[in-house]
Protein chains: 2
Amino acid sequence: MAYHHGDLRRVLLEATAAAIQEHGVAALSLRDLARRAGVSHAAPAHHFGDKAGLLTAFAAAGFEELATALAGDDFLEMGVAYVRFALSRPAHFEVMFRPDLYHADDPALLAARAKSSEALYGEDTDKTAGQAGWSIAHGFATLWLSGAFPGRDQDPLDLARALFRQLNPGYSQ
Amino acid sequence: MAYHHGDLRRVLLEATAAAIQEHGVAALSLRDLARRAGVSHAAPAHHFGDKAGLLTAFAAAGFEELATALAGDDFLEMGVAYVRFALSRPAHFEVMFRPDLYHADDPALLAARAKSSEALYGEDTDKTAGQAGWSIAHGFATLWLSGAFPGRDQDPLDLARALFRQLNPGYSQ
DNA sequence: GGCTCAATCTTGACGTTGACAAGATTGGAG
DNA sequence: CTCCAATCTTGTCAACGTCAAGATTGAGCC
């Protein structure tokens, strides 16, 4: 077999996203990831310690990308960007908010999560309005991904925009 | 061993809630439930077919209880009731919105879910406002349960009320 | 009371998984 | 050229979900 794959860590993280989108987090298996990457069954554990370690890195990457996606937008478009991220990276989004799946005290993860919080709350003057916007964005994204939200023929981003406009004036342009 | 436990199905569902609250859904094990109930390792499968069958019944019970909890309240208090349910039955709430864990086409489950939808949307005139309220309630509950929401020293129901008041007038009394 | 039978639960087995230990391979630093 | 740490493999273990087969029980029926 080929030793020193060279890029295994990145390949495994990409395979994780694919595997979760295909069969859900519940069915995620380190051995399946190893098969997808063409390495032995114990190779993933070397890079991430254990399964929770893999998902820790996976969630951290998600928070990093979310922080980038949120940067620089106004209130309403930031909410839309939040939903857009959740729908385009559903596997990351799901793992990120299930701390029972990973090592929630990991420094890299905490730093990445702080970055997204910064992007969400950084310049916000009205804390409660920001929390309401975050709740709408998160709730809508979660419900949409779980299939529970009605109106599945419409564009979810348009739907999200309509929901944000239900908030008090000043944010509803 | 004692055959004909008599009440095993109910006991297993209660043990499921306890086990999930202790160690998360990811760590849920039929064999552990069997040990908690004092029966053999294969007894749970007899009542529910398989693990997904158990979680189907578990989620259905959750939707039933949610429908009851939502009945008869005005808009704002219905949202508060939604959050109260999520926080008082966190295990049910989590499973209910993770259809990859159960048999999403189960008739009993679909009926129970329809009942909650009815309670949520039944008399609602403004569909978008209702969806915004649902999104806030669901998003806040999810974020609170995942530990991501700030202000963990405050009463979550008071916090939820404050968020609902961020919606357009007519719902913010 | 005794018989029958379906429902309930047990026992035993199989393939798969996450984790661990020990060994093989490799590339780079000195 | 040698060493060494990083990378990956191989082998193993207990635990898990699932299935098949058997044991036990209570309720209906004569």
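Naming: A, B, ... by sequence-line order, numbering from 1 per chain.
- Distance, A/L33 CG to C/dT17 P: 11 Å, rounded to whole Å.
- The distance from atom CZ of A/R10 to atom P of D/dT7 is 15 Å, rounded to the nearest whole Å.
- Residue-level contact check: A/A43 touches the bases, meaning some heavy atom is under 4.0 Å from a base atom.
- Regarding B/R9, its CZ atom lies at a distance of 15 Å from the P atom of C/dA7, rounded to whole Å.
- When the C1' atom of C/dT10 is taken as reference, atom CG of B/L8 falls 12 Å away, rounded to whole Å.
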*Output, in order, the C-alpha distance, side-chain angles, deciding distance and verdict of side-chain contact (heavy atoms from CB on, under 4.5 Å) for A/H138 and A/F93.*
CA-CA 10 Å; A/H138 193 85; A/F93 186 72; 3.5 Å; yes
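- The NZ-P distance, from A/K51 to D/dC16, rounds to 14 Å in whole Å.
- When distances are taken from the side chain of A/S29 to each of C/dT11, C/dC20, C/dT17, the shortest belongs to C/dT17.
- The CZ-P distance, from A/R36 to C/dT17, rounds to 12 Å in whole Å.
- Within 4.0 Å (heavy atoms only), B/L28 reaches sugar-phosphate atoms of the nucleic acid but no base atom.
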*Does the side-chain contact (heavy atoms from CB on, under 4.5 Å) test come out yes or no for A/L55 and A/L28, once each step is laid out?*
CA-CA 10 Å; A/L55 292 177; A/L28 183 68; 3.7 Å; yes
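- Ranking D/dC8, D/dT18, C/dA19 by closeness to the A/H47 side chain, first place goes to D/dC8.
- If you look at B/H92 and B/F85, their ring centroids are not closer than 6.0 Å.
- Taking the six-membered ring for Trp and thresholds of 30 and 60 degrees, B/F149 and B/W144 have ring planes inclined between 30 and 60 degrees apart.
- Of the residues near DNA chain D, A/R31 and B/R35, the one whose nearest nucleotide (by heavy atom distance) lies more toward the 5' end is A/R31.
- Distance, B/L54 CG to D/dT18 C1': 14 Å, rounded to whole Å.
- At whole-Å resolution of the value, CG in B/L30 and C1' in C/dT16 are 15 Å apart.
- Note on A/E22 versus A/R36: salt bridge recorded, some NZ/NE/NH1/NH2 to OD/OE distance being below 4.0 Å.
- Using a 4.0 Å heavy-atom distance criterion, A/H41 is classed as a base contact.
- Distances shown here put every side-chain N or O of B/S40 at or beyond 4.0 Å from the OP1 or OP2 atom of C/dT11.
- Looking at which nucleotide of DNA chain C each of A/A45 and B/H46 is closest to, the 5′-most match is held by B/H46.
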